[in-house]
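This report refers to the structure that appears directly beneath it.
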Amino acid sequence: MGKQVNPFGEAAYGLTFDFDFEKDIDAFPVLLDLLKKYEIQAGLAVIGKFVEKYPDIHMRAIDEGHELINHSYTHPDNPHWAPDRFFNKLSYGEQKVEIEKAHEACWKTLKYECVGFRTPHYGNLHTESVYQILSGLGYKYSSSTAACGYKGYAAPSMHSHGIMEIPTGCSVNFPLAIFDSWNMLRKEKPFLGDDDLFVEEFCKTIQLVKKYNLFLTHYFDPYDVVENNKMERMLKCLHGLKTVLYKDVV
Ligand SMILES: [Zn+2]
């Protein structure tokens, strides 16, 4: 296997979360409390509709130093607003509206200017057309691919239209799947299916990042990882590892 090109030259980790559902918003304050306790700043992929509906909690996140990532305006196929729509089935114009309206929501509601995007559900629903749209907005990065299906094994790299792609990482024992609670715990026949094993797999992976001076980033569903105290146990494993925001990667 080739050597990873680590933009930081030392072990570094980017922690991110996707706020897709009302239950993720419910978990938001708990998550912010935990991040504050462990002094970790994270990337938060947020939906324009939620920013407009819950400005205060998003503002608190910004005030506490977290980075907002544009995660589209309605998050197709979110059951609240876009149940029958899929991001990869939208026309170029419709994708553009989704991204631009989310950008506007963050700016108008929070006076926050996003510089990066994550495709809703990414992976299979991510399309090449996104990069041109992001470039038009002056964005710097996208984090919409899976490390296992992207060049460079989780190393960020210049994609196209001047946009850096920061692929979402896997874990030590499951290198061909995104390490998230969906793959590991929730889907039919999950890889792990157990909260304690999930935390253990995370901590083993982090040990490897530290040992080999790698850069790795994951995303998690807030409602899922605050449950059963998983997040706090994971944050403890991050102790001593440099954590970074995506805006520092580009
Ligand atoms: Zn999402």
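When a ligand or atom number is given, it counts from 1 through the structure's own listing order. On a predicted model such as this, the values are computed, not experimentally measured, just so you know.
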Going by side chain to side chain donor-acceptor pair (under 3.5 Å), name the residues that satisfy it together with Y13, two or more places apart in sequence or in a different chain. H218

Which protein atoms of type N, O or S are found under 2.8 Å from the Zn ion (ligand 1)? D20 OD1, D20 OD2, H71 NE2, H75 NE2

Could you tell me if K23 sits above the aromatic ring of F21, with its cationic atom closer than 6.0 Å to the ring centre and no more than 45 degrees from the axis? yes

Quick one: do K89 and E94 make a salt bridge, cutoff under 4.0 Å? no

Cationic tip of R85 above F87 ring, under 6.0 Å, 45° of axis: no

Taking it one step at a time, do I62 and L110 satisfy side chain to side chain contact (heavy atoms under 4.5 Å, CB included)? CA-CA 9 Å; I62 296 167; L110 310 167; 3.8 Å; yes

Does the pair R60/D33 count as a salt bridge with the N-to-O cut at 4.0 Å? yes

